[in-house]
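Let me begin by presenting the structure, written as structure tokens, before commenting on it.
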Amino acid sequence: QAQLVESGGGLVQAGGSLRLSCAASGRALSRYVKGWFRQAPGKEREFVAAIDWRGVNTRYVDSVEGRFAISRDNAKNAVYLQMSSLKPEDTAVYYCAASDTIFIKTSAPLYDYWGQGTQVTVSS
């Protein structure tokens with residue numbers, strides 16, 4: 001089994017930046033697709049970004065394209081989400097996840113491991 005632990009969330013003003021980190025333990029997930037999802041109050045969990053195991057291919061939801069950047073460090077068994085130009089609508093609990101697949105997936109049920117989430121709040 002693997003455990004994923006997110007960190008780096010917090011309160012930031014609109015236009016600011018945050019960097020989320022997700023560390024895996026218990027099992028190496030270096031060959032897993034890694035992704036970030038978010039869930040705002042009263043809304044369904046939403047795909048945000050994902051990266052393949054080599055860190056070559058990435059995908060983003062349209063609303064964060066150009067503002068967020070996903071990266072990974074397989075030596076540290078970690079994945080990151082650099083968030084810039086944050087908007088109030090980015091406020092949500094952000095979850096990292098890992099999927100035992102070769103190709104990037106955007107559907108939450110296709111991910112095998114999940115972290116507990118970290119709160120990101122963007123004030124206007």
Side-chain angles (χ1 to χ4, degrees):
Q1 281 287 6
Q3 293 79 42
L4 301 177
V5 179
E6 303 95 338
S7 61
L11 174 64
V12 64
Q13 289 188 332
S17 300
L18 281 175
R19 186 185 191 224
L20 305 183
S21 300
C22 175
S25 62
R27 177 177 180 176
L29 300 177
S30 58
R31 289 184 177 262
Y32 280 54
V33 165
K34 299 281 183 67
W36 287 94
F37 290 75
R38 65 186 179 187
Q39 188 165 18
K43 295 187 177 181
E44 293 186 354
R45 191 166 297 191
E46 173 191 37
F47 169 80
V48 176
I51 187 168
D52 67 4
W53 75 271
R54 288 179 294 182
V56 173
N57 297 302
T58 59
R59 184 181 290 187
Y60 300 90
V61 66
D62 287 347
S63 60
V64 309
E65 185 79 54
R67 299 188 297 121
F68 290 11
I70 188 171
S71 61
R72 65 190 295 161
D73 184 338
N74 287 340
K76 296 182 178 179
N77 219 5
V79 63
Y80 308 97
L81 186 68
Q82 178 67 47
M83 305 185 295
S84 303
S85 302
L86 282 161
K87 304 176 181 179
E89 51 264 43
D90 294 318
T91 295
V93 176
Y94 282 70
Y95 299 89
C96 72
S99 177
D100 186 11
T101 59
I102 295 175
F103 302 107
I104 288 175
K105 308 297 182 184
T106 61
S107 177
L110 297 177
Y111 282 75
D112 304 290
Y113 298 102
W114 290 85
Q116 293 185 327
T118 185
Q119 177 71 46
V120 172
T121 303
V122 184
S123 63
S124 57

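Residues take their numbers from the sequence shown, with the count starting at 1. From a predicted model like this one, the values you see are computed outputs, not experimental measurements. Just so you know, these numbers use all the heavy atoms, side chains as well, and skip hydrogens, waters and symmetry mates.
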| message | Taking atom CZ as the centre, does Arg59 end up with more than 12 heavy-atom neighbours from other residues, nucleotides or ligands that are less than 6.0 angstrom away? | response | no
| query | How many angstroms lie between CD1 in Ile70 and CG in Asp52, if you round to the nearest 0.5 Å? | reply | 10.0 Å
| said: Do Leu110 and Thr101 have side chains that approach each other closer than 4.5 Å (heavy atoms only, starting at C-beta)? | reply: no
| message | For a side-chain contact (heavy atoms from CB on, under 4.5 Å) check, start with the C-alpha distance between Glu6 and Trp36, then their side-chain angles and the critical distance, and finish with the verdict. | response | CA-CA 10 Å; Glu6 303 95 338; Trp36 287 94; 3.9 Å; yes
| remark: Here the gap from Tyr80 atom OH to Cys96 atom SG, rounded to the nearest 0.5 Å, amounts to 11.5 Å
| field | Shortest non-hydrogen contact between Pro88 and Ala14, atoms and distance | value | CD-CB, 4.1 Å
| message | On a heavy-atom basis, which atom in Trp114 and which in Ala108 lie closest, and how many Å separate them? | response | CZ2-O, 3.4 Å
| Taking all non-hydrogen atoms of both residues, which atom of Leu4 and which atom of Ala24 are closest, and how far apart? | CD2-CB, 3.5 Å
| Which distance, rounded to the nearest 0.5 Å, do you find between the OG of Ser71 and the NZ of Lys34? | 11.0 Å
| said: Would you compute the distance between atom CG of Leu11 and atom CD of Gln119 and round it to the nearest 0.5 angstrom? | reply: 9.5 Å
| field | Closest non-hydrogen atom pair between Gln116 and Tyr95, with its separation | value | O-CE2, 3.4 Å
| query | Could you state the interatomic distance from CZ (Arg38) to OG1 (Thr118), rounded to the nearest 0.5 Å? | reply | 14.0 Å
| Are there more than 12 heavy atoms of other residues, nucleotides or ligands under 6.0 Å from atom CD of Glu89? | yes
